[in-house]
Engineer: 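Following this message is one structure expressed as structure tokens.
Remember, it's a predicted structure, so these values are computed and weren't measured experimentally.
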Amino acid sequence: MGPGNVVASASDSAAGPGPDYARLALREQSSIGPAARLARAGVLDAWLRRLMPDGVAGVALVAVGGLGRRECTPHGDLDLILVHAGVPRVDELAASLWYPIWDARMGLDHSTRTVAESLDAAHDDVKVALGLLDVRHIAGDPALSAQLSRAAVDQWRRTARRQLLRLRELVEERHAAHGELAYLLEGDIKEAAGGLRDVGVLRGIGVAGVADALPPQVRAAATRLLDVRDALHVSIGRRNDRLRAQERLQVAELLGLADGDTLLRRIGLDARAVSWSLTDAWRSVQRWTAAGSRHGDPRTREAVAVRRPIARDVVAADGEIVLARAAVGPHPDPSLSLRVAAAAAQHQMPIARATLEWLARFCPPLPTPWPASARTALLTLLGAGTGLVAAWEACDRFGLTSAWLPQWTRLRGTPQHHPVHRFTLDRHLVQAAANAATWSREVARPDLLVLGALLHDVGKGLPGDHSEVGAELAREIATAIGLPTADVDTIAALVRYHLVLPDTATRRDLDDPATINYVAKLVGDTGTLELLQMLARADAQATGPAAWSAWKSKLIDDLCARVRKVLGGGQLPEPTLPDPALLAGPLPVVQVADDWVALAAHDRVGLLAAVAGCLATHKLEIVAAGTSTIGERAIIECAVNNRYGAPPDRELLAADLRRVGLDQLPLPRRLGSAGSRKPVTGAEPRVIWGEATGATLLELRATDSPGLLYRVTSALAELGVDVRTARVSTLGADVVDAFYLVGDIDRDTVEAAVLAAA
């Protein structure tokens with residue numbers, strides 16, 4: 001049934017306003033979009049007018065919130081105020097309105113107040129004040145509704161300096177609680193930063209007359225976010241503003257989108273448009289507030305107007321980056337937008353909206369290859385570090401980044417579903433470049449480091465291995481930018497091999513000469529090696545907290561030191577020895593910290609399984625582990641996390657590890673049972689075989705679950721397989737565990753046992 005039919009059925013019904021009237025009418029209205037929201041508002045308006053008795057003077061029913069704006073979602077609440085002029089028995093009238101709404105099982109936020117009481121409440125509560133800006137007459141005395149609306153807007157404007165300060169505090173608290181919608185895989189469409197609640201804040205800033213806070217692109221983004229909210233309500237049949245993974249595909253289908261990723265990308269880009277506009281609006285509020293506090297002082301008014309040159313064609317004025325007057329001509333320099341962005345990033349100042357709009361409209365495209373001024377500006381921008389992200393985001397909002405790099409259009413807003421990733425693909429790349437600038441003094445070519453960081457994942461989302469595909473794309477981009485051939489080759493190598501160091505360091509035996517020679521052959525020279533080393537740091541830290549640790553840093557540094565020795569023509573260094581305390585004294589030797597445990601004990605088959613089982617009984621997850629054997633002494637070192645956040649009982653854990661070392665700790669059978677595993681949610685586990693010096697390499701890739709390492713190592717022990725070295729790596733929900741097996745191995749039998757345990 002379409003919107004018009006719903007309204008007609010509401011108007012033509014001979015029945016009175018019974019409890020099911022509005023609920024059933026709205027449920028029939030399952031269309032999505034602005035017209036559907038208006039139709040739902042019409043249904044509710046008609047029903048509420050029927051509830052309101054005729055001929056009652058000095059009383060009006062007004063809507064605020066979504067109904068006040070005629071943005072009614074299928075299962076949204078009703079926000080209503082019964083405004084009165086001090087009439088008697090108004091509470092009885094209110095009850096006759098509220099009870100039918102409750103009987104219809106609709107959410108209701110209501111109040112009964114005079115105009116003065118409403119204004120008093122708004123004076124003390126910024127949320128109430130913001131809500132009263134959406135007052136809309138429904139029934140009763142229209143003059144009373146108009147009085148409240150005018151008075152609420154007038155009070156908001158008179159008290160805006162105080163109210164906006166408090167509003168900003170509330171907004172920041174909400175953002176901290178709900179995160180950034182643009183980068184969340186399961187974000188709250190209303191409450192998260194960049195969501196619909198922020199659109200309301202922008203509306204309030206606009207009503208205060210501080211800024212044009214709702215430009216066309218923000219209004220369009222808000223409309224699309226409302227459409228998403230409508231589709232979410234329709235798909236699950238109730239009010240819910242958090243888009244979860246299981247609802248993503250159905251919501252996308254209701255909106256006519258290809259898939260859930262397309263939906264996430266659209267939400268993310270719209271949320272970023274709202275967030276950027278809100279940040280820009282807060283700057284306007286800050287300038288407006290500061291100007292008010294300086295009112296009447298001609299010296300400060302004159303100081304604000306000063307334009308200070310900070311780069312060629314770029315000046316700072318009133319705390320923002322703007323164009324010099326000489327730059328605004330009929331034939332602007334194609335590199336101008338890049339030079340503006342570089343100046344903003346270096347000085348960590350925002351670019352004025354008017355400047356961005358002018359650049360987007362008038363700055364001509366860059367030639368191929370780029371002129372030296374554009375190339376220098378890009379590398380300066382990328383090398384600015386902490387100032388890069390804000391400057392890039394501002395330029396991205398106005399399409400400048402896609403004008404610089406046409407390939408960027410495909411990357412914008414692309415979601416990354418691996419749980420360790422906290423950003424979309426494009427934001428991850430920009431953050432990696434900003435991080436890479438931190439280590440610019442550690443490499444001979446910092447320009448190639450920051451550019452390689454920006455491009456390292458450019459191949460994601462395309463068929464094939466993203467490192468291989470990305471290397472060719474990076475080669476094209478570097479050539480278009482105008483880099484020399486040798487530098488183009490280096491950029492391509494950085495993208496092609498950006499995962500080699502972290503993957504090898506965490507998954508392979510660094511004491512094996514074959515491992516070091518393999519990496520040395522790929523890298524080729526020490527200059528590329530040092531770039532890859534710093535890129536690995538920048539990439540991991542831009543991914544998220546789970547992607548980087550002191551353990552991983554130590555392994556990569558150790559690997560690079562060994563490879564550098566080989567590339568320099570020297571001999572491989574002696575194997576790195578563990579803590580001397582683990583090599584001396586009677587066995588067993590135990591070391592325990594909140595995030596680290598180590599055990600030295602007599603070597604035996606099944607020792608690693610026993611350690612893994614012991615840690616599992618203490619609710620500790622092994623995020624990285626290494627084993628080594630020196631003579632008859634086996635040494636096992638593990639980086640751990642507590643599954644529930646609390647640190648382990650060190651004394652109890654140390655005692656149990658000593659019992660493991662003495663082969664005296666019985667482990668509960670449930671650790672090895674299927675009941676201890678998490679439900680399978682990802683791909684099936686895989687075993688990959690490889691060769692190593694004096695050993696057979698078994699690599700297991702699987703979804704992580706409690707006790708996984710214990711089950712796998714127990715399966716190996718039951719087959720009598722000796723594990724010389726193990727490298728355990730956990731990244732989010734996945735593990736990549738490498739075991740160096742010695743002796744005669746029946747691969748088919750071992751693989752079957754490992755897969756059954758995983």
Engineer: State, yes or no, whether a side-chain contact exists between W548 and I556 at a heavy-atom distance under 4.5 Å.
Structural biologist: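 Heavy-atom side-chain distance check passes, below 4.5 Å.
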Engineer: Has N435 got a side-chain atom pairing as donor or acceptor with A538's backbone, closer than 3.5 angstrom?
Structural biologist: yes
Engineer: Would you please test R427 and Q431 for side chain to side chain donor-acceptor pair (under 3.5 Å) and show each step?
Structural biologist: CA-CA 6 Å; R427 176 70 164 80; Q431 187 63 55; 2.7 Å; yes
Engineer: Applying the salt bridge (charged side-chain N to carboxylate O under 4.0 Å, His left out) test to D426, which of R265, R412, R272 qualifies?
Structural biologist: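 With D426 as partner, salt bridge (charged side-chain N to carboxylate O under 4.0 Å, His left out) holds for just one option, R272.
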Engineer: Under 3.5 Å, side chain of R248 to main-chain N/O of G260, donor-acceptor pair present?
Structural biologist: no
Engineer: Only counting residues at least two apart or in another chain, list the ones meeting salt bridge (charged side-chain N to carboxylate O under 4.0 Å, His left out) with R266.
Structural biologist: none
Engineer: Under the ring-ring contact (aromatic ring centres under 6.0 Å, His included) test, which residues partner H175, sequence neighbours left out?
Structural biologist: none
Engineer: Once the angle between the rings of H110 and W102 is folded into 0 to 90°, is it parallel (under 30°), tilted (30 to 60°) or perpendicular (over 60°)?
Structural biologist: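 Answer is perpendicular, since the angle exceeds 60°.
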Engineer: Is the ring pair H233/H75 parallel, tilted or perpendicular, if the boundaries are 30 and 60 degrees?
Structural biologist: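 Taking H75 first and then H233, their aromatic rings sit tilted (interplane angle of 30° to 60°).
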Engineer: Checking salt bridge (charged side-chain N to carboxylate O under 4.0 Å, His left out) against D270, which of R224, R229, R397 comes through?
Structural biologist: R224
Engineer: In sequence, state the C-alpha distance, the side-chain angles, and the governing distance for D539 and H456, and then conclude on side chain to side chain donor-acceptor pair (under 3.5 Å).
Structural biologist: CA-CA 8 Å; D539 182 16; H456 75 275; 3.1 Å; yes
Engineer: Looking at D230 and R40, is there a salt bridge between them, counting it only when a charged N and a carboxylate O are closer than 4.0 Å?
Structural biologist: yes
Engineer: Is it true that a side-chain atom of T504 and a backbone atom of L501 form a donor plus acceptor pair closer than 3.5 Å?
Structural biologist: no
Engineer: Checking the side chain of D465 only, and the main-chain atoms of E468 only, is there a donor and an acceptor separated by less than 3.5 Å?
Structural biologist: yes
Engineer: Once rounded to the nearest 0.5 Å, what's the spacing between atom CZ of R727 and atom CZ of R507?
Structural biologist: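 It comes to 13.5 Å.
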Engineer: Determine yes or no for a side-chain-to-main-chain donor-acceptor pair under 3.5 angstrom, with S235 supplying the side chain and L232 the backbone.
Structural biologist: yes
Engineer: If we count only N and O atoms by modelled type, under 3.5 Å, do the side chains of D280 and S277 hold a donor and an acceptor together?
Structural biologist: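 On atom types as modelled, these side chains do not qualify, holding no pair under 3.5 Å.
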Engineer: When you measure from the side chain of R219 to the backbone of L214, do you find a donor-acceptor pair of N or O atoms at a distance under 3.5 Å?
Structural biologist: yes
